[in-house]
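Here is how names work: the chains are called A, B, and so on, in the same order as the sequence lines, proteins then strands, and each is numbered from 1.
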Amino acid sequence: MPEILEVEAARHVVEDHALGRSIAGVDAPDAWYLKRGLTPAAVRSALPERRFVAARRRGKLLLLDTDRRRRAGTRAPTDAGLGPTLALHLGMSGRVVVDGTAAGDPLVYASNRAETTWHRFTVHFADGGALILSDPRRLGAVELDPDEDRLGIDALAVTTPDLRALLARRRGPIKAVLLDQHGIAGLGNLLVDEILWRASLDPNRPAISLDPPEQGRLGRVLRTTLGVLGRRGGSHTGDLMVARVPGGHCPRDGAPLRRETVGGRTTYWCPAHQR
DNA sequence: GATGACCTGTGA
DNA sequence: TCACAGGTCATC
């Protein structure tokens, strides 16, 4: 499931394989997939003859900056300023594939008929390759020049002071606060459960109720968890993951895990050590 | 701040 | 056949 770690891996694939290549065309077969007023015609006219010059990320949003158009054989720009920024959101089942290579997938992408129908958005390069956003469940999105500030501080950059400030002004459950992309951007359901389990904090605790030592602990655990799971290969590699099933037991102390809805999402946590 | 809708593949 | 998963947005 694409949370910040998967999007960062996708960003890396784009950075390593898609920058600097001339864009020849765009396939946007699913107009519903284009958000905030973007139309297939608009995106088809915006991208060709440009190149991606940077692959950024804010939270779970992948941001691909383009350059200005240039006349063939000259260095003179034909329009002012930089080009638009293409924003890709992977939703819950999206994958970015460049020339058949997807993040975390050493195998060549076997494009069969079923998978082709999941191609919601494709950028064709002049050299014949392509960047594809494949998404079976259609909950991802493509937009142009997004409002990046609708997202909070990136989870990979958040500091303990940032976290203290955020927790201090929220009365809702800690879990809901960590999931809210306006505050901290990038954490999803699995990562938040793993972080709170490692930090020994009850997900239902009002954020405002954490004392300074607990805030500090949460900050440290947040950073180390993202580091460890990133190295292991993603959001699904947490220690809690194996036990995250109905009837599961805490990998730390063996107590039965509780399963309930917190912050609107299915939550697994250990009442024995998360307090 | 909480809830349901959005969409569709998977697994019981 | 149906509950469920996931992230986000509109609405209560």
Rounded off to whole Å, could you give me the CZ-to-C1' distance for the A:R244 and B:dG11 pair? 17 Å
Between P on B:dC7 and CG on A:D135, what's the gap in Å once rounded to a whole number? 13 Å
Looking at DNA chain C, which of residues 170-194 of chain A put a heavy atom within less than 4.0 Å of it? A:Q181, A:G188, A:N189, A:L190
Let me know the distance between CH2 of A:W118 and P of B:dT8, rounded to the nearest Å. 12 Å
Residues A:R252, A:D239: salt bridge by 4.0 Å N-O rule: no
Atom-to-atom span, NZ of A:K35 to P of C:dT8 - whole angstrom: 12 Å
Give a yes or no on whether a salt bridge exists between A:K60 and A:E3, defined as a side-chain N under 4.0 angstrom from a carboxylate O. no
Exceeds 12 heavy-atom contacts within 6.0 angstrom, atom CZ of A:R150: yes
For the pair A:R265 and A:D193, find out whether any cationic side-chain nitrogen is under 4.0 Å from an anionic carboxylate oxygen. no
Can you list, by residue number, the residues of residues 202-211 of chain A that have a non-hydrogen atom closer than 4.0 angstrom to DNA chain C? none
Between NE2 of A:H236 and P of C:dA5 the distance, given in whole Å, is 18 Å
Return the value, rounded to whole Å, for the distance between atom CZ of A:R259 and atom C1' of C:dA3. 10 Å
So that I can tick it off, tell me whether A:E194 and A:R232 are bridged by a salt bridge, with the cut-off set at under 4.0 angstrom between side-chain N and carboxylate O. no
For the residue pair A:R259 and A:Y268, confirm or rule out a side-chain donor-acceptor distance under 3.5 Å. yes
Looking at residues 138-152 of chain A, who's got a heavy atom less than 4.0 Å off DNA chain B? A:R138, A:L139
Please confirm whether the shortest side-chain N or O distance from A:H89 to OP1 or OP2 of C:dT8 is below 4.0 Å. yes
With heavy atoms under 4.0 Å as the rule, sort A:R36 into base, sugar-phosphate or nothing. sugar-phosphate
Between the side chains of A:R36 and A:E143, is the shortest nitrogen-to-carboxylate-oxygen separation below 4.0 Å, so that they form an ion pair? yes
Tell me: CZ of A:R120 to P of B:dG9, nearest whole Å? 8 Å
Are the charged groups of A:R56 and A:E148 less than 4.0 angstrom apart, N to O? yes
Report the residue (A:R137 or A:R265) whose heavy-atom-nearest nucleotide on DNA chain B is the more 5′ of the two. A:R265
Looking across every strand, which nucleic acid part, if any, lies under 4.0 Å from A:T266 by heavy atom: base, sugar-phosphate, or nothing? sugar-phosphate
Side-chain heavy atoms of A:F52 within contact of A:D67, under 4.5 Å: no
Measure from NZ or CZ of A:R21 to the centre of the six-membered ring of A:F125, then state whether that distance is under 6.0 Å and the direction lies within 45° of the axis. yes
Could you tell me whether the side chain of A:T122 and the main chain of A:R120 form a donor-acceptor pair under 3.5 Å? no
Among B:dC6, B:dG9, C:dG7, the nucleotide that comes nearest once only the side chain of A:W32 is considered: B:dC6
Out of the candidates A:D135, A:D30, A:L86, only one should pair with A:V142 under the side chain to side chain contact (heavy atoms under 4.5 Å, CB included) rule; please name it. A:L86
Grab the OH-C1' distance between A:Y33 and B:dC7 for me, whole Å please. 11 Å
